[in-house]
Amino acid sequence: MHKIKTAVLISGRGSNMMAILKATQNNDYPAKLNIVISNKPSAEGLKKAEEFGIKTVVLDHKTYKNRHEFEKDLDTHLRSANIQIVCCAGFMRILSPWFVERWKGKVLNIHPSLLPKYKGLNTHKRAIESGDTIHGCSVHFINSELDSGKIVLQKSIEILSDDTPQSLSERLLIKELEAYPQALKKIANELIHSKQLNKSN
Ligand code: GAR
C-alpha cells in the first residue's frame, strides 16, 4: 500500500504526535511518520518519537539569525525526506507567508478551540470566561493568517460548570488525540486518490 510521507512538527509534550505515530502503525493507515522536527531541544516529544525508532531533528529557532533562515533549514529537511504532508502538533512557531506558500495545501495544524472562535492562545480560559457551554478542537490547513485556514475536522465537548482551563484542556486533549489521526487519514487518502487520478489521465 502506498503511504503518504509525513512529518510532525512539535515544540513540547508531543501527545498529538504520539497519537499520529500510533495510527501510522496500522497497516491500513494511508500515512507513514518519517520525521519529527522540534524547534525546542528540550521537547519531551523527541524522546518519545526516538523510542519508536522515528527520526528526529532539532532546529533550535534561537540559534538562527532570523525566521527566514530557520524556515529555509526546515524546508530543506522536509524536502530531503520527501515529505508530502506536514502536521503541526503543538508547534508554537508562526510560519511565514514564504513557507506557507511553498507548502500550500500540505500543512495541517491542530488548534484547541472551535475555530473561528478563539484564535491564538489561552483558548480554554477564553471559552470559560465567555460563558460558552461547548468547547472543542479543530484540525485545519495552515494559511498565511493565524488559525484561519480551511477546517478539516472538528470535535466538541461540553463545558462543565466547575471546569477550570486545566480540567477543560485535559478533557479536550482526549478528543484532539482522536481528531488528528482521523483528519490526517482523510487528507492522506485524498492525496493518494488525486495522484491515482493524475496517473490515469
Ligand atoms: C495541544 O493541545 C494543541 O492543540 C495545542 O498545543 C497542545 C500540544 O500538546 N496547540 C496550540 O495551542 C496551537 N496554537 P501536545 O504537544 O501534547 O500534542
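Ligands are counted one by one from 1 in listed order, and the atoms in each one are counted from 1 as well.
Contact annotation: the side chain of K72 never approaches that of R102 to less than 4.5 Å [non-hydrogen atoms, C-beta and beyond]. Looking at heavy atoms from C-beta onward, I187 lies out of side-chain contact with K106 at the 4.5 angstrom threshold.
Hydrophobic cluster of I134: the remaining members, joined at side-chain heavy-atom separations below 4.5 Å, are L114, listed by chain and number.
Closer than 4.0 angstrom to ligand 1 sit non-hydrogen atoms from R13, G14, S15, N16, G90, M92, I110, H111, P112, E176.
Taking a 6.0 Å sphere around CD of E158, one finds it holds 12 or fewer heavy atoms contributed by other residues, nucleotides or ligands. Around atom NZ of K125, no more than 12 heavy atoms belonging to other residues, nucleotides or ligands sit under 6.0 Å away.
Between A43 and S38, the shortest heavy-atom contact is CB-OG, 3.3 Å.
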